[in-house]
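Single-structure report; data block below.
Being a predicted model, the structure only gives us computed values, none of them experimental. Lettering of chains follows the sequences in order, A, B, ..., and the numbering in each one begins at 1.
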Number of protein chains: 2
Amino acid sequence: MTRPAALAVPRVKQRRLSPDERRRDFIAKAAEFFAEEGFDGGTRELARKLGVTQPLLYRYFPSKEELIREVYRTVYLDRWQADWDKLLTDRSLPIRERMQRFYDAYTDAIFTREWMRIYLFSGLKGVEINKWYVGIVEDRILKRIVTEYRAEAGLPEQDPLPAELELGWILQGGIFYYGVRKHIYGSTVLEDKERVISNAIDVFLEGISRVFGTGVRVRTTAARRPPADEA
Amino acid sequence: MTRPAALAVPRVKQRRLSPDERRRDFIAKAAEFFAEEGFDGGTRELARKLGVTQPLLYRYFPSKEELIREVYRTVYLDRWQADWDKLLTDRSLPIRERMQRFYDAYTDAIFTREWMRIYLFSGLKGVEINKWYVGIVEDRILKRIVTEYRAEAGLPEQDPLPAELELGWILQGGIFYYGVRKHIYGSTVLEDKERVISNAIDVFLEGISRVFGTGVRVRTTAARRPPADEA
DNA sequence: CGATTAATTTATCACGCGATAAGTTTGGTG
DNA sequence: CACCAAACTTATCGCGTGATAAATTAATCG
C-alpha cells in the first residue's frame, strides 16, 4: 500500500479493494443478507448484492460455512460492550439504575432486525456459538443482577438460586420478546422502549422481593413515582 | 401377501392406506420433519421418512408450499383449546388461580420441540398465520388477563393500557423463552415448570399492582406462603 | 513503458431440488 | 377370476446450488 513519490490521493472509483476491506465488506453484507434469507440463502444472490461474481467469494472464504461462521463472530462478538460487566456490578449506583442503564444499552445493541434474526436462525440451527452466548447472558447478566439485588436488599450473600435465575430469565426473555415482536413480527408495540424496560424492571424488582426475600424491597421507579402510566 | 376368503382381520402389513389416513399421516410427519430441518428441508428426504417415494407427495398436495400450509394449520390451530377462553374469564376463581391453570395447560400444549420450532420458523418467514396467532394471543390471553386483574383489584373498568399490555407481553415472552431455552437451545433449566410459571405469575401480579394501580394488590401465592424457594 | 502479481470474471462440474408424465402394482367389486 | 380405478413407483426435466479451474483484467513496481 506504500506509494513512492506521488500524492496520497485515494482513488475515487476504486474497483479493486484491498483484501482486508473486501473481506470486511463481504462479512457485513453477508450478515444483512443471511439475516433476511436465512442461512440457506444462495451464494449467487449474495454475490449480486455485493456487486461481484459468485466465485470471488471463494477467494476470501474457503466455503460458505466458513463465511457464515465469520458472520456469527462479528454479529455475536462485536456488539458486546466490555463495560457492561463493570456497570452491573458498580455498587455506587442502585441496582435499579444499573439495570435500567444496562438494558437500555443492551437493547440498543441487539434490537435490530439483523441481530435478532441471525440470533434466532443460529439458535434453530443449534450452533455452538449460540449456546455459548446463552451461557454468557446467564453468567454475565442474570447471575449478576440477582446477586446485586440480593446485596442491595440485605439478603444473605450466596449463589443465585435456580428459581431466582429463572425469574431473571423471565425478565430477559420478556424484554427479548418485545424486540422480536417489534423487529421480526412487525407487531404494533408501545414504541417507548425505555418505558417498557423500566416497567419490566420495576415489576421484576417489586415482584422478586415478595416471591423470594421476605418482602425486603429495593428502591424502584414505582416506589418513587407511583403512577407509571404512559401518554 | 393378500388373503382371499379369510376374516376381516386388519392387515398387518398394510401397504396402501386410505387417502384420508395417508394425508393425515403425511401432514403429521411433515410437521416433525420441517420442525427439525426448517421449511427448506427437501421433499425427497421427507418422503424417505414417510416410507414412500417423493412423487407420491404430489398426489396429496399440489405443491410443497401447500403441504407446508397444512402443517401450519394443524400445528397452530389444533392445539388451541376452546375452553381456555372461558377459563380466563371465569370470575368464580381468583385471577391468580386462573392464570396458573391457563399457563399450565397452555405450556403443556406448546412446549414441544415441534411446536416451538415451527412457530419460530414460520415467524422468521413472516407468514400471515404467525401474525394472526400473535394477535390471538394478545386478544384472548393478555387483554383478558389485564382486564380480569383490574376487576379483581377493584380498579376502574377500562380497556387495558398499552403499557399494561406490554407488561403482559413481558410475562408471555418470559414464559415462552423458558420453553425455547429448554426445547430448542437444550439449556439446563429449572425442571419444575409449574413452579417457574407460578413464580413468574406472582412477580407479574405483585409487580403490576405497584407499577400501575396504586398498590392495590391481588391474592398471590407469595402473599399466602412467603418463601417461594425450591427444593 | 513493460513485466509481474493478484484481484476478478467466465465457464463449467456434479448434485440436489420441486415438479410432471408415464408405467406398474394393488385392492375392491361384479 | 377378471376387470378397473386408484395408489404408488420409475424415469426424467429444468433449474439452482456450492465449488473449482482457467482466462482476463487491473494495479504495482522496476
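Residues A:Trp80 and A:Tyr106 meet the side-chain proximity criterion, which asks for heavy atoms closer than 4.5 Å. Using a 4.5 Å heavy-atom cutoff, the side chains of B:Asp202 and B:Arg96 are in contact.
For DNA chain C, each stem of at least three Watson-Crick or G-U pairs (distances under 3.5 Å) is given as range with range: C:1-30 with D:1-30.
Phosphate contact (OP1/OP2 of C:dT8, side-chain N/O of A:Tyr60, threshold under 4.0 Å): present. Between A:Arg44 and D:dA19 there is no side-chain N or O to OP1 or OP2 distance below 4.0 Å. Checking the phosphate oxygens (OP1, OP2) of D:dG18, a side-chain nitrogen or oxygen of A:Thr43 falls inside 4.0 Å.
One atom, CG of B:Asp40, and another, P of C:dG16, lie 16 Å apart when rounded to the nearest Å. Taking atom CG of residue B:Asp25 and atom C1' of nucleotide D:dC8, one finds them 15 Å apart after rounding to whole Å. Following rounding to the nearest Å, A:Glu66 (CD) and D:dA19 (P) show an atom-to-atom distance of 11 Å. Distance B:Asp20 CG to D:dA7 C1': 14 Å, rounded to the nearest Å. Rounded to a whole Å, the CZ atom of A:Arg48 is 13 Å from the C1' atom of D:dT17. One can place CZ of B:Arg22 at 12 Å from P of C:dG27, the figure rounded to the nearest angstrom. Atom OH in A:Tyr58 sits roughly 16 Å away from atom C1' in C:dT10 (whole-Å rounding). Atom-to-atom, CD of A:Glu37 to C1' of D:dG16 comes out at 14 Å; the value is rounded to the nearest Å.
Between A:Leu56 and B:Glu65, it is A:Leu56 whose nearest contact on DNA chain C lies nearer the 5' terminus. Heavy-atom distances to DNA chain D give each of A:Arg59 and A:Gln54 a nearest nucleotide, and the one nearer the 5′ end belongs to A:Gln54.
Aromatic ring centres of B:Trp169 and A:Tyr185: separated by at least 6.0 Å. Taking the ring centroids of A:Phe176 and A:Tyr119, they lie under the 6.0 Å cut-off. Not less than 6.0 angstrom separates the ring centroid of A:Tyr72 from the ring centroid of A:Tyr133.
Checking C:dA11, C:dA19, D:dT9 against the side-chain heavy atoms of B:Lys64 singles out C:dA19 as nearest.
Rounding to the nearest 0.5 angstrom, the gap separating the CG atom in B:Asn199 from the CZ atom in B:Arg195 is 6.0 Å.
In terms of modelled atom types and a separation under 3.5 Å, the side chain of A:Arg140 and the main chain of A:Asp85 share no donor-acceptor contact.
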